[in-house]
Amino acid sequence: MKITGIEMRRIAMPLVAPFRTSFGTETARDVLLVRVVTPDSEGWGECAAMSEPLYSSEYADGAAEALRRFLIPALPARVDAFGTGRALAPFKGHRMAKAALETAVLDAQLRSSGQSFASFLGAAAERVPCGVSVGIMDSIPELLDAVEGYLSEGYVRIKLKIQPGWDLAPVRAVRERFGPDVPLQVDANAAYTLTDAPHLAKLDAFDLLLIEQPLANDDMVQHAALARRITTPVCLDESIESAEHAAAAITLGACSIINVKPARVGGYLEARRIHDLARAHGVAVWCGGMLETGIGRAANVALAALPGFTLPGDTSASRRYFATDITPPFELRDGHLNVPAGPGIGVDPVQDILDEVTTSTEWITR
Ligand SMILES: CC(=O)N[C@@H](Cc1ccc2ccccc2c1)C(=O)O
Ligand SMILES: [Mg+2]
């Protein structure tokens, strides 16, 4: 496929409510979008990097610079998604930047062939069950109100952000208020160390589905040690940046569940490789979220429909984060989101909404 030009666009999207995790509080998303233009189609990719390198080492301005100086110039004049992955492989890291570019190429390629992401990736379902990620709140009553609201919207699984000082009490309160049958898990975003193992073992009393990324992203061996000292299954997020990392984590016993985020691992092709590897080892995967707009959300929902995605993901409805999405909103129905069936990611930005939230555009000719 010939690429005639690539646009990088930054948009500012206010969040419907502050979203607090162990690494900080977000009130808006500063999103980098990539649009690949070819003679007969265009494709979109969303870079999930935050404004600041707080979740991982990547950040939006850095991703834009990596794309502008290294990744986009490395693309051959004619390329497809597989060729894009090969062309970008020599550059170390910058996986969210690479993911945005590879996804935009894949979207353009599939739109011109008429195939959906779901069909291309090997989806086994037409809708996916959805969980929701609930931030750290100022008080337990506020948390319980938020959880009650999400359960009444139909979310099938609750994930609570935790950190030292906000862990046992919120989990206990949710269990006492909503009972033992609500699927419940926690995400520490790497806020603990192995010395906290006796404290984290107290979460075992609450029958959680999993504890996500309790320790630092490079603590693969320590996660294996922790997994032997608690009964709650360990799930990794930040630690898994590639299929190799997934293989190492499974071999070491560092996790028994993986949160798969195409943005974190460099794109949907690598995400599928991790899905296939995990499935071969009997390790469950679920689709994580990075507060994506409808562009990234559409592709994530297609991925979440693969057969190995056996746990509800953080593929929440658009309204969980945005009052107005840049695409037609993803709406929760009976706790599920429909998998887009159209060519490519199956959704298009609504131009006047996109123009309203755009803070900059940059056109790179080829
Ligand atoms: C849904 C969820 O919990 N996502 C991440 C954390 C996270 C939280 C806040 C974010 C803000 C801007 C961009 C990415 C972000 C990712 C996680 O699973 O660990
Ligand atoms: Mg996480």
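Heavy atoms only: backbone and side chains are in, while hydrogens, waters and symmetry mates are out. As the structure lists them, so they are numbered: ligands from 1, and atoms in each ligand from 1. Keep in mind that what you see is a predicted model, and the values were worked out from it rather than measured.
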At less than 4.0 angstrom from any non-hydrogen atom of [X], what atoms of ligand 1 do you find?
X: Asp237; value: 17 (C), 18 (O), 19 (O)
X: Lys159; value: 3 (O), 17 (C), 18 (O)
X: Thr21; value: 8 (C)
X: Asp187; value: 17 (C), 18 (O), 19 (O)
X: Glu212; value: 18 (O)
X: Tyr321; value: 1 (C)
X: Arg29; value: 12 (C), 13 (C)
X: Ser133; value: 1 (C), 2 (C), 3 (O)

Gly289 touching ligand 1 at heavy-atom level, < 4.0 angstrom: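 It does; at least one heavy atom falls under 4.0 Å.
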Please report the closest heavy-atom contact between [X] and [Y], naming both atoms and the distance.
X: Ile140; Y: Ala173; value: CG2-CB, 3.5 Å
X: Glu26; Y: Met50; value: OE2-CE, 3.1 Å
X: Ser112; Y: Gln109; value: OG-O, 3.0 Å
X: Asn300; Y: Gly288; value: ND2-O, 4.0 Å
X: Thr310; Y: Ala284; value: OG1-CB, 3.5 Å

For Met50, which part has a heavy atom under 4.0 Å from ligand 1: side chain, backbone, both, or neither? side chain
Quick one: is the NZ or CZ of Arg273 closer than 6.0 Å to the six-membered ring centre of Tyr268, and within 45° of its axis? no
Ring of Trp286, cation from Arg157 - is the NZ or CZ under 6.0 Å from the centre and inside 45° of the axis?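 Ring-cation test returns yes.
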For [atom], closest protein heavy-atom neighbour:
atom: atom 6 (C) of ligand 1; result: Lys161 NZ, 3.4 Å
atom: atom 10 (C) of ligand 1; result: Leu291 CD1, 3.7 Å
atom: atom 7 (C) of ligand 1; result: Phe23 CZ, 3.8 Å
atom: atom 8 (C) of ligand 1; result: Phe19 CE2, 3.4 Å
atom: atom 16 (C) of ligand 1; result: Met290 SD, 3.8 Å
atom: atom 5 (C) of ligand 1; result: Lys261 NZ, 3.2 Å
atom: atom 19 (O) of ligand 1; result: Asn189 ND2, 2.7 Å

Please report, to 10°, the angle around the Mg ion (ligand 2) from atom OE2 (Glu212) across to atom OD2 (Asp237).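 About 90° at the Mg ion (ligand 2).
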Taking 2.8 Å as the cut-off, does Asp314 contribute an N, O or S atom near the Mg ion (ligand 2), distance below it? no
Restricting to N, O or S atoms of Asp187, which is nearest to the Mg ion (ligand 2)?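 That would be atom OD2.
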Classify the ring geometry between Phe23 and Tyr55 as parallel (under 30°), tilted (30 to 60°) or perpendicular (over 60°).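 Phe23 vs Tyr55 ring planes: perpendicular.
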Ring-plane angle category for Tyr150 and Tyr155, please: parallel below 30°, perpendicular beyond 60°, tilted otherwise.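 Ring orientation of Tyr150 relative to Tyr155: perpendicular.
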Kindly compute the distance separating OG (Ser239) from CG (Asp219), expressed to the nearest 0.5 Å.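 These two atoms lie 7.5 Å from each other.
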Would you confirm whether Ser22, through its side chain, and Asn189, through its main-chain N or O, come within 3.5 Å as a donor-acceptor pair?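 Checked: pair present.
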Yes or no on side chain to side chain donor-acceptor pair (under 3.5 Å) for Thr359 and Arg10, after CA distance, side-chain angles and deciding distance? CA-CA 6 Å; Thr359 53; Arg10 293 290 280 274; 5.6 Å; no
For atom 11 (C) of ligand 1, which of the options Met96, Glu26, Arg320, Gln213 provides the nearest non-hydrogen atom?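 Heavy atom nearest to atom 11 (C) of ligand 1 belongs to Glu26.
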